[in-house]
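Worksheet for the structure shown next.
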Amino acid sequence: MIQSSELILNPDGSVYHLNLKPEHIAHDIIFVGDQNRVEKITQFFDSIEFSTQKREFKTQTGIFKGKRITVMSTGIGPDNIDIVMNELDALVNIDLKTRQPKENLTSLNIIRIGTSGSLQADIPVDSFVLSKFGLGLDNMLRSYLIDEVSNIEIEDAFVKHTNWDLRKGKPYVISCSSTLEKMIESDKMHKGITATAGGFYGPQGRVLRLNIQDEKLNSKMDNFEFGDHQITNLEMETAAIYGLSAILGHNALSLNAIIANRASGTFSDDPYKAVDELIAYTLDKLSK
């Protein structure tokens, strides 16, 4: 039996942070970072059956073209993803009354929709990026046993290319779900490696008043290649989602609308349009 200190439930029986019960979530789940983006997606639903929010975790479940879908905000960073993924898995794979893992496990489909800036000149603004791999620079996932799901070849190549200081922990690389990739991909999608940082300032190379450990890290990432794959963008959630999904047995895919291109110095004339188009595209694919 899983102890109360390990799986914390609210007085109403819902999981502690997400404030959800098993019946509140669908099999297909869309992640967004910002709680205010949840309704940018659910505004297209035919109906909404459930809505709740606790802290930055806002959840709405409803019907889109006959398909039951949940949209959830995760907040910022790998630490929040650790909470969201573990509590979502508990909702479907642990009996919350007996506190025992279920004999027959459920695999969720999780798609992250976000915005990002491209690191490569050939990925223009208003295009879409599908994260073939998540490259975790945050070290969170190293708390778990991940060797069976990580790509050690890409990890070692990245460490060598960047002369990575292992005092920060070894980066990890996890692939997206091939099932969701086949469902979502199209000619409109660029594919590559999405780097996930553990912070917004120093971990992403921004300098305000504090010097950083490697001032050249971003430029090293820009020109890193492994086979046909380059690092397409830098954010704070994808690798953690991929890693926890892989070891828990769920399918995960991360999609980004590119609203800026750092290599060319350009910014989208209408970033909201790009996001809305990605939302519409994703909902259409999920509803089929």
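Owing to the predicted nature of the structure, the values given are computational and were not obtained by experimental measurement.
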Cation over ring, Lys54 on Tyr16, under 6.0 Å and within 45°?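 That pair qualifies as a cation-pi contact.
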Go through the side-chain N and O atoms of [X] and [Y] and say whether any donor and acceptor fall under 3.5 Å apart.
| X | Y | value |
| --- | --- | --- |
| Gln60 | Thr42 | yes |
| Asn218 | Asp222 | no |
| Asn80 | Glu56 | yes |
| Asn139 | Tyr172 | no |
| Thr194 | Thr238 | no |

Would you give the length of the straight line joining atom CD1 of Ile29 to atom OG1 of Thr70, rounded to the nearest 0.5 angstrom?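 Going from CD1 on Ile29 over to OG1 on Thr70, the span is 5.5 Å.
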When you group the ILVMFWY residues by side-chain heavy-atom contacts below 4.5 Å and let the links chain together, are [Y] and [X] in the same group?
| X | Y | value |
| --- | --- | --- |
| Ile76 | Val275 | no |
| Tyr201 | Leu217 | no |
| Phe31 | Ile113 | yes |
| Leu255 | Ile193 | no |
| Tyr281 | Val125 | no |

Can you label the angle between the Phe57 ring and the His17 ring as parallel, tilted or perpendicular, going by 30° and 60°?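 Geometry flag for His17 against Phe57: perpendicular rings.
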So, for [X] and [Y], which heavy atoms are closest and what is the spacing to 0.1 Å?
| X | Y | value |
| --- | --- | --- |
| Ser118 | Asn261 | OG-ND2, 3.6 Å |
| Met140 | Ala240 | CE-CB, 3.7 Å |
| Thr232 | Lys191 | CG2-O, 4.0 Å |

Taking C-beta and beyond as the side chain, do Glu155 and Pro171 meet within less than 4.5 Å on heavy atoms?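 No, every pair of side-chain atoms sits at 4.5 Å or beyond.
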Can you check whether Phe158 and Phe224 have ring centres sitting under 6.0 Å from each other?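 Yes, ring centres under 6.0 Å apart.
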Let me know which of Val32, Ile241, Val84 forms a side chain to side chain contact (heavy atoms under 4.5 Å, CB included) with Thr74.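 Running side chain to side chain contact (heavy atoms under 4.5 Å, CB included) over Val32, Ile241, Val84 with Thr74 returns exactly one hit, Val84.
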